[in-house]
There are 2 protein chains.
Amino acid sequence: MRKPATPSNHNPTALLRTHGLRVTPQRLAVAELVFSKPMHVTARIVHEQIRQNHPAISMNTVYLTLGQFEACGLLKRFEVHGNIVFDSNTSPHDHACCNRCGTIIDLDSSPSASSKHTVQLPTQLKPWQIEGERRIWMGLCPDCSSESVL
Amino acid sequence: MRKPATPSNHNPTALLRTHGLRVTPQRLAVAELVFSKPMHVTARIVHEQIRQNHPAISMNTVYLTLGQFEACGLLKRFEVHGNIVFDSNTSPHDHACCNRCGTIIDLDSSPSASSKHTVQLPTQLKPWQIEGERRIWMGLCPDCSSESVL
DNA sequence: CCACTAGATAGGATAAATTCCTATAAAGGA
DNA sequence: TCCTTTATAGGAATTTATCCTATCTAGTGG
């Protein structure tokens with residue numbers, strides 16, 4: 001059992017190099033955080049987390065780094081409740097967000113992701129040059145839903 | 001041919017009264033603007049428009065008014081490119097937004113709005129209390145698409 | 001192993017959007 | 001017309017994100 005030669009998400013250094021990004025301590029820290037598992041983070045959350053080990057890291061660096069990861073296709077950006085959220089799951093999928101606690105979950109078997117990931121383009125958009133599509137469900141998660149009954 | 005007795009969008013005063021809102025010049029002006037036809041507006045756009053006839057109207061009033069209209073179900077809110085957009089078409093439909101010029105169009109015959117407006121709820125969301133769903137397509141509109149080729 | 005250069009970082013300034021606060025003004029009912 | 005409740009304007013405060021710039025450093029070539 002050897003490690004595969006292809007760079008994987010488990011090797012942040014290789015991941016950065018593969019995408020032509022210089023390997024800096026700050027970028028490594030962000031990469032280790034966001035690529036450790038599928039997650040949804042805002043710039044603020046990343047900053048708070050990274051600061052525990054890199055007290056001097058600036059919000060500017062966090063914004064730039066997340067933006068670069070997005071440009072490389074390593075992250076996808078969407079908006080919910082006025083916040084920009086970065087998703088380390090870059091495969092096509094929809095989201096649901098709890099209006100009360102803010103929890104965001106991935107919808108893996110969403111209708112729009114079914115049929116071999118081929119989302120049908122609405123007729124009206126034929127003359128458009130579509131780059132992407134975002135769908136988000138909003139409401140109360142099971143926990144908050146039961147609490148609101150009490 | 002008499003006017004129907006039911007309050008309609010063509011009678012802003014009645015519309016406000018029906019929804020328990022006091023009729024003020026500011027609210028009337030906003031209502032006349034946003035309910036004159038289906039449109040997508042931000043608070044800033046509404047403020048700029050209304051100020052032509054109500055030079056003293058404040059952003060605060062615009063935000064409050066739009067928020068109240070939304071709470072009454074007269075407007076629907078969604079987000080695109082970091083902006084909050086209010087839509088006077090409150091029936092279920094998707095949107096497309098041009099990444100270059102910012103144009104937003106309604107998708108009337110979208111897949112998610114088809115089949116009698118009954119959008120299929122993903123299995124994962126059965127234990128949720130879903131209040132709504134938003135879908136937006138992003139890319140270049142026909143005009144900007146052709147310009148980018150030149 | 002060192003020096004050089006393009007690119008990265010920190011920190012502050014700036015900008016834009018939204019909410020909060022409060023005194024004043026006005027709508028609508030008595 | 002008076003009175004109570006609610007709306008409004010204006011400014012302060014907050015939040016989020018971008019811009020700017022001097023300093024620093026990763027990676028490269030010597």
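Since we're looking at a predicted model, the values are computed, not measured. Letters go in sequence order (proteins before strands), and every chain restarts at 1.
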Rounded to whole Å, how long is the line connecting atom [atom1] of [X] with atom [atom2] of [N]?
| X | N | atom1 | atom2 | value |
| --- | --- | --- | --- | --- |
| Ile84(A) | dA17(C) | CD1 | C1' | 12 Å |
| His81(B) | dT18(D) | NE2 | C1' | 16 Å |
| Gln68(B) | dT19(C) | CD | P | 13 Å |
| Phe86(B) | dT18(C) | CZ | P | 8 Å |
| Glu48(A) | dT15(D) | CD | P | 12 Å |
| Leu64(B) | dT22(C) | CG | C1' | 14 Å |
| Met59(B) | dA13(D) | CE | C1' | 16 Å |
| Leu16(A) | dA8(C) | CG | P | 11 Å |

>> Reading DNA chain C from 5' onward, which residue's closest nucleotide shows up sooner: Pro55(A) or Ala43(B)?
In response: Pro55(A)
> Starting at the 5' end of DNA chain C, which residue's closest nucleotide do you reach first, His54(A) or Thr42(B)?
Replying inline: His54(A)
> Would you say a side-chain N or O of Gln26(A) is under 4.0 Å from OP1 or OP2 of dA10(C)?
Replying inline: yes
> Given dA8(C), is OP1 or OP2 found less than 4.0 Å from the side-chain N or O atoms of Thr24(A)?
Replying inline: no
Given [options], the nucleotide with the shortest approach to the side chain of [X]:
| X | options | value |
| --- | --- | --- |
| Arg44(B) | dG27(D), dA17(C), dA27(C) | dA17(C) |
| Thr61(B) | dG28(C), dA10(C), dA9(D) | dA9(D) |
| Asn60(B) | dA8(C), dT16(D), dC21(C) | dC21(C) |
| Tyr63(B) | dT8(D), dT18(C), dA10(C) | dT18(C) |
| Arg22(B) | dT9(C), dT5(D), dT25(D) | dT5(D) |
| Asn83(A) | dT16(D), dA9(D), dA8(C) | dT16(D) |

> Do any N or O atoms from the side chain of His19(A) and from the backbone of Phe69(A) form a donor-acceptor pair under 3.5 angstrom?
Replying inline: no
>> Could you go through His40(A) and Asn89(A), starting from their C-alpha distance and side-chain angles, then the distance that decides it, and tell me whether this counts as side-chain hydrogen bond (donor to acceptor under 3.5 Å, both in side chains)?
In response: CA-CA 8 Å; His40(A) 310 104; Asn89(A) 176 1; over 6 Å; no
> Do NZ/NE/NH1/NH2 and the carboxylate oxygens of Glu133(B) and Arg135(A) come within less than 4.0 Å?
Replying inline: yes
>> Does this structure show an ion pair linking Glu147(A) with Arg100(A), if we count only N-O contacts that are shorter than 4.0 Å?
In response: yes
>> Parallel, tilted or perpendicular, judged at 30° and 60°: which one describes the rings of His95(A) and Phe78(A)?
In response: parallel
> Donor-acceptor pair under 3.5 Å: do we get one between Arg27(B)'s side chain and the base of dA7(D)?
Replying inline: no
